[in-house]
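Read through the structure below, which is laid out as structure tokens, and then see the notes.
Order of listing sets the numbers, starting from 1, for every ligand and every atom in it. In this chain, numbering begins with 1 at the start of the sequence shown. Predicted model only: the values in this text are computed from it and were never measured.
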Amino acid sequence: MPTVPTAAPTPTPHPDPTRRYAFFGPVGTFSEAALRTVVPVGTAPADPYPSVDATIAAVRAGRADVGVVPIENSVEGGVSATLDGLAAGDPLLVVGEVVIPVTFVLAARPGTTLADVGVVSTHSHGYAQVRRWLAQHLPGARYVPSLSTASAAAGLAQAAADGTGAGYDAAVCAPVAAERFGLQVLAEDIGDNRGAVTRFVLLARPAGDDGRVVLPAPTGADRTSLVAFLRTDHPGALVEVLEQFVTRGVNLSRIESRPTGDALGRYCFSIDCEGHVAEARVGEALMGLHRVCEQVRFLGSYPRADGRPALPGSGPDEDAFAAAEGWLRRVRAGRAG
Ligand SMILES: O=C(O)C(=O)C[C@]1(C(=O)O)C=C[C@@H](O)C=C1
């Protein structure tokens with residue numbers, strides 16, 4: 001069985017001042033906070049885009065080299081816009097991840113009190129994380145969705161500057177967004193779940209057009225992301241997919257189904273597993289998937305934000321994979337097994 005080559009040379013680490021970064025904006029989003037953990041202000045050009053789709057499109061079109069978007073929240077789960085954006089369209093690679101705590105404030109124009117708040121706006125993922133607090137403290141309040149937590153805050157500031165109404169009275173946003181847009185914080189730390197975190201991914205175009213290597217080299221504590229499209233709707237199709245990981249002792253850290261959009265009942269599986277495609281066990285699992293699936297879209301292998309090495313699996317260790325490969329080579333050459 002062929003050995004999967006490792007990425008060489010090692011790609012440039014972030015921040016790379018020669019690259020242009022894009023993030024799901026405007027300024028003050030959690031996505032910007034995630035970006036700033038790897039690309040501090042002033043180290044490289046970084047532009048805000050108004051949605052996940054726009055951020056992904058900027059990377060695809062070459063307006064940015066690396067894009068930062070949310071992919072998974074510990075309370076509300078997968079971010080559909082990101083999962084779907086990566087499953088279709090020109091291929092992109094995940095080249096890194098960042099996990100940050102998410103804490104929310106209720107912010108409004110200065111002079112507003114809690115009793116004045118009848119309509120609240122925020123991103124749908126933000127709303128899902130403060131629903132209980134709102135029900136308890138603003139039981140009559142109506143919810144208006146916004147493109148991001150920070151755009152809800154920006155809308156209040158813009159309306160104040162224009163002398164108009166924003167269509168809502170308060171925004172649920174990051175503390176930094178309230179500060180950036182000169183809003184008054186009516187309530188702090190209003191998240192329903194202490195310790196909520198969101199995982200963000202750094203996206204880049206695969207190597208090819210500019211000759212840059214973007215696939216990060218293995219670190220020993222990596223994650224691999226992919227999308228598996230099942231061949232046909234038949235009994236055991238998902239088991240066949242899972243088997244590829246189980247038999248190689250590869251641990252999954254996330255699996256969720258997403259509709260392909262073609263027809264009712266057509267789903268693909270968005271999967272994260274532990275390890276790097278350069279490791280034999282992961283490479284073989286991916287080859288196995290390729291055999292049983294209609295299509296497998298490799299989304300990248302990249303260092304885990306928590307630096308945790310793969311859990312020891314019940315399957316064979318890396319040496320056993322190398323030994324098996326050597327053995328097959330020998331017997332194929334007609335030598336004694
Ligand atoms: O609106 C933002 O600030 C974002 O970065 C988006 C987003 C998300 O979609 O998950 C990020 C983290 C929070 O969980 C809420 C919203």
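Around the CZ atom of Arg63, the shell of radius 6.0 Å holds more than 12 heavy atoms that belong to other residues, nucleotides or ligands. The environment of Glu188 atom CD is sparse: at most 12 non-hydrogen atoms of other residues, nucleotides or ligands sit within 6.0 angstrom.
Interface atoms of ligand 1 facing Gln129, defined by a heavy-atom separation under 4.0 Å, are 13 (C), 14 (O). Every atom of ligand 1 with a heavy atom of Ser148 under 4.0 Å away is listed here by number and element: 1 (O). Those atoms of ligand 1 that come under 4.0 Å of a heavy atom in Thr29, given as number and element, are 2 (C), 3 (O), 5 (O).
Of all protein heavy atoms, the one closest to atom 5 (O) of ligand 1 is Ser31 OG, 2.9 Å. When hydrogens are left out, the protein atom nearest atom 12 (C) of ligand 1 is Thr198 OG1, 3.5 Å; that is the closest non-hydrogen contact. With hydrogens left out, the protein atom closest to atom 9 (O) of ligand 1 is His123 CE1, 3.0 Å, a heavy atom. In this structure, atom 2 (C) of ligand 1 lies nearest to the protein heavy atom Thr149 OG1, 3.2 Å. The protein heavy-atom contact nearest to atom 6 (C) of ligand 1 is Phe24 CE2, 3.5 Å.
A donor-acceptor contact under 3.5 angstrom links the side chains of Gln129 and Asn73, judged on distance only. If you check the side chains of Tyr302 and His276, you find no donor sitting under 3.5 Å from an acceptor.
One finds the OG atom of Ser253 at 6.0 Å from the CD atom of Glu274 (value rounded to the nearest 0.5 Å).
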Derivation and outcome, side-chain hydrogen bond (donor to acceptor under 3.5 Å, both in side chains), residues Thr18 and Asp16: CA-CA 5 Å; Thr18 68; Asp16 176 356; 2.7 Å; yes
Verdict with supporting geometry, Arg223 and Ser301, side-chain hydrogen bond (donor to acceptor under 3.5 Å, both in side chains): CA-CA 6 Å; Arg223 200 188 305 281; Ser301 291; over 6 Å; no
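For ligand 1, the polar-atom distance check against Phe30 finds a nitrogen or oxygen pair separated by under 3.5 Å.
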